[in-house]
Amino acid sequence: MKIVLLGPPGAGKGTQAKSICNRLSIPHISTGDIFRKHISENTSLGIEAKKSIDKGQLVSDELTIRIVLERLKNEDCKSGFLLDGFPRTVVQANALDSFLETEGQKLDTTLLIDVPKDFIIERMSGRRVCLTCGASYHIKFNPPIFEGKCDICGSDIIQRKDDEEKTVRERLDIYNQQTEPLIKYYRDKGILAVIDGTQAINDVFKNICKVLGRDN
Ligand code: ADP
Ligand code: AMP
């Protein structure tokens, strides 16, 4: 299946992406994770992306589209993939559609994880992430088994610099202006499914599986 995960920052996209990709055996492509990996390795792409990320702004469409289309050309994406955090603008959505069209493919579904703004600040201020494998935790809602360590790979988990309240507010504004129009974009194409993201992590996952027809 070819899936796009849509939703405001902190909605739970990364958290659900890991479970969905395990269930469907498809690669998880998170643009945020790709940028963070480049930043931690100090590549020129990482240095460029960091300027926007630290301010809570979007990385340029040109750079973002380039890294995603390169990734989608990999053999492991031929039978499906899940995009998490991409597209975030209409320009990116059009680029994705054009790319898939040239490959004779199309998206199966877009899952919108719907969470009201008042949940977001609490979720993001308690978020901790693993920079090695991309796993996401929450100090209250989804704590790791051993404090400060990733359950999956054992690396240290950290608080993201762009999860400070001021930056989160900037990211939410940008989501409203640039990403929310994608809800209509995908609804008009008839491939939008809305998931209530306010429930507990396992319940959100159960609902997603139902929508995907994989709740066996
Ligand atoms: P996104 O990838 O959409 O930015 P994350 O998956 O990183 O969001 O989730 C943001 C934070 O909220 C994390 O700390 C995560 O553990 C927590 N979280 C995710 N889903 C839920 C949920 N359904 N209920 C409570 N907390 C959640
Ligand atoms: P995320 O991990 O999805 O919250 O992304 C972290 C940050 O990376 C965002 O706030 C943006 O600065 C940048 N980013 C991630 N995905 C995109 C995208 N599709 N377009 C532009 N910038 C992005």
Side-chain angles (χ1 to χ4, degrees), residues 4-21 28-39 45-46 48-69 71-72 82-96 111-116 118-131 133-144 150-151 157-164 167-175 177-179 182 195-208:
V4 162
L5 266 191
L6 201 59
K13 299 183 295 298
T15 304
Q16 297 301 330
K18 297 269 176 221
S19 305
I20 299 167
C21 290
H28 171 203
I29 302 172
S30 155
T31 36
D33 285 352
I34 295 173
F35 288 138
R36 280 184 289 279
K37 186 151 195 298
H38 276 278
I39 291 170
L45 193 154
E48 183 58 32
K50 190 175 188 313
K51 292 180 202 157
S52 312
I53 293 178
D54 282 355
K55 286 187 273 184
Q57 292 168 359
L58 294 185
V59 176
S60 73
D61 282 333
E62 195 215 335
L63 185 60
T64 310
I65 290 167
R66 181 153 54 84
I67 60 156
V68 172
L69 298 194
R71 178 67 186 85
L72 289 177
L82 180 145
L83 285 166
D84 160 12
F86 182 94
R88 262 174 155 103
T89 64
V90 172
V91 172
Q92 293 178 13
N94 280 320
L96 175 62
L111 301 172
L112 168 66
I113 305 188
D114 192 26
V115 176
D118 11 325
F119 281 68
I120 302 241
I121 301 288
E122 188 186 14
R123 284 202 184 172
M124 288 172 86
S125 61
R127 169 157 65 184
R128 299 291 181 271
V129 296
C130 173
L131 289 183
C133 74
S136 181
Y137 299 89
H138 193 282
I139 49 174
K140 183 166 143 195
F141 304 125
N142 184 24
C150 177
D151 292 351
I157 57 174
I158 56 132
Q159 181 158 28
R160 279 168 48 173
K161 195 163 173 246
D162 61 341
D163 278 350
E164 285 167 12
T167 319
V168 169
R169 291 197 188 280
E170 171 72 13
R171 291 166 67 196
L172 281 173
D173 284 347
I174 289 183
Y175 175 80
Q177 292 156 20
Q178 305 213 44
T179 310
L182 294 180
I195 308 288
D196 176 5
T198 63
Q199 299 174 20
I201 292 173
N202 284 342
D203 293 326
V204 176
F205 182 56
K206 276 186 200 148
N207 284 333
I208 289 176

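Excluded from the calculations below are hydrogen atoms, water molecules and symmetry mates; all remaining heavy atoms, backbone and side chain alike, are included. Ligands are counted one by one from 1 in listed order, and the atoms in each one are counted from 1 as well.
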- Message: Which of the numbered atoms in ligand 2 are under 4.0 angstrom from any heavy atom belonging to T31?
- Response: 15 (C), 16 (N), 17 (C), 19 (N)
- Message: Show the atoms of ligand 1 that are less than 4.0 angstrom away from any heavy atom in G14.
- Response: 1 (P), 2 (O), 6 (O)
- Message: Evaluate A11 for polar contact with ligand 1, using N/O atom pairs at a separation under 3.5 Å.
- Response: yes
- Query: Does some side-chain heavy atom of E170 sit less than 4.5 Å from a side-chain heavy atom of Q57?
  - Reply: yes
- Message: With a heavy-atom distance limit of 4.0 Å, tell me whether Q92 approaches ligand 2 through its side chain, its backbone, both, or neither.
- Response: side chain
- Item | Contact summary for S30 and H28, nearest pair of heavy atoms | CB-NE2, 3.6 Å
- Taking non-hydrogen atoms only, is Q16 closer than 4.0 angstrom to ligand 1 via side chain, backbone, both or neither? neither
- Query: Under a 4.0 Å heavy-atom limit, does A200 contact ligand 1 with its side chain, its backbone, both, or neither?
  - Reply: backbone
- Note on the structure: R171 heavy atoms within 4.0 Å reach ligand 2 at atoms 4 (O), 10 (O)
- With a 4.5 Å limit on heavy-atom distance, are the side chains of T89 and T179 in contact? no
- Message: Counting non-hydrogen protein atoms only, what is the nearest one to atom 21 (C) of ligand 1? Give residue, atom name and distance.
- Response: I201 CG1, 3.4 Å
- Message: For ligand 1 and F141, I'd like to know whether there is a polar contact (N/O to N/O, distance under 3.5 Å).
- Response: no
- Item | Protein contact of atom 14 (O) of ligand 1 - nearest heavy atom, named by residue and atom, plus distance | Y137 O, 2.7 Å
- shortest atom 19 (C) of ligand 1-to-protein heavy-atom contact is with T15 OG1, 3.6 Å
- Would you check the N or O atoms of G126, main chain and side chain alike, for any that come under 3.5 Å of an N or O of ligand 1? no
- Task: Identify, by atom number and element, the atoms of ligand 1 in contact range of Q199, meaning under 4.0 Å from any of its heavy atoms.
- Result: 22 (C), 23 (N), 24 (N)
- Query: For S30, is at least one N or O under 3.5 Å away from an N or O on ligand 2?
  - Reply: no
- Message: Considering both backbone and side-chain atoms of G85, is one of its nitrogen or oxygen atoms within less than 3.5 Å of a nitrogen or oxygen in ligand 2?
- Response: yes
- Message: At less than 4.0 angstrom from any non-hydrogen atom of T64, what atoms of ligand 2 do you find?
- Response: 18 (C), 19 (N), 20 (N), 21 (C)
- side chain to side chain contact (heavy atoms under 4.5 Å, CB included) between L82 and I29, intermediate numbers included: CA-CA 6 Å; L82 180 145; I29 302 172; over 6 Å; no
- Run the salt-bridge test on E164 and K161 with the 4.0 Å N-O cut-off and return the result as yes or no. no
- Proximal ligand 2 atoms for R36, defined as those under 4.0 Å from one of its heavy atoms: 2 (O), 6 (C)
- May I ask you to identify the nearest protein heavy atom to atom 8 (O) of ligand 1, giving residue, atom name and distance to one decimal place in Å? G12 N, 3.2 Å
- ligand 2 versus V59: contacting region, heavy-atom distance under 4.0 Å: both
- Only heavy atoms count here, so choose which of E170, R160, R88 is nearest to atom 18 (C) of ligand 2. R88
- Query: Judging by distance only, is a nitrogen or oxygen of K13 under 3.5 angstrom from one on ligand 1?
  - Reply: yes
- Mind running side chain to side chain contact (heavy atoms under 4.5 Å, CB included) on R171 and L58 for me, showing each step along the way? CA-CA 8 Å; R171 291 166 67 196; L58 294 185; over 6 Å; no
- Looking only at heavy atoms, which two atoms of F205 and S19 are closest? And how far apart? CE1-CB, 3.5 Å
- Query: Does M124 approach ligand 2 within less than 4.0 angstrom via side chain, backbone, both or neither, non-hydrogen atoms only?
  - Reply: neither
- Identified side-chain contact (heavy atoms from CB on, under 4.5 Å) partner of L5 from the options L83, L112, I113: I113
- Item | atom 11 (C) of ligand 1 [closest protein heavy-atom partner, distance rounded to 0.1 Å] | R123 O, 3.6 Å
- Message: Between N142 (side chain only) and H138 (backbone N and O only), is there a donor and an acceptor less than 3.5 Å apart?
- Response: no
- Query: At what distance is the nearest protein heavy atom to atom 23 (C) of ligand 2, and which residue and atom is it?
  - Reply: F35 CE1, 3.8 Å
- Message: Any atom of ligand 2 sitting under 4.0 Å from a heavy atom of K13?
- Response: no
- Verify, without hydrogens or angle tests, whether K13 (side chain) and L6 (backbone) share a donor-acceptor contact under 3.5 angstrom. no
- Item | Beyond-backbone contact of Y175 with R88, side-chain heavy atoms, under 4.5 angstrom | no
- Winner among G10, S125, P144, G134 once heavy atoms are compared against atom 4 (O) of ligand 1: G10
- With a 4.5 Å heavy-atom cut-off, do R127 and R160 have their side chains touching? yes
- Task: For atom 11 (C) of ligand 2, find the nearest protein heavy atom and state the residue, atom name and distance (0.1 Å precision).
- Result: Q57 O, 3.6 Å
- Between the candidates I53, I174, V168, which shows the shortest non-hydrogen contact distance to atom 13 (C) of ligand 2? I53
- Message: Using the rule given for side chain to side chain contact (heavy atoms under 4.5 Å, CB included), can you reason through D196 versus V204, listing the C-alpha separation, both sets of side-chain angles and the distance that settles it, and then say yes or no?
- Response: CA-CA 7 Å; D196 176 5; V204 176; over 6 Å; no
- Message: Less than 4.5 Å apart, side chain to side chain, heavy atoms only: is that true for F119 and T198?
- Response: yes
- Look at the side chain of Y137 and the backbone N and O of C130, then say whether any donor-acceptor pair between them is shorter than 3.5 Å. no
- T167 (side chain) donor-acceptor with D163 (main chain) under 3.5 angstrom: no
- Would you mind listing which atoms of ligand 1 come within a distance below 4.0 Å of any non-hydrogen atom of S136? 5 (P), 7 (O), 13 (C)
- Query: Taking distance alone, with no angle check, do R128 and ligand 1 share an N/O pair under 3.5 Å?
  - Reply: no
- Message: A side-chain contact here means heavy atoms from C-beta on lying under 4.5 Å apart; do L172 and I120 qualify?
- Response: yes
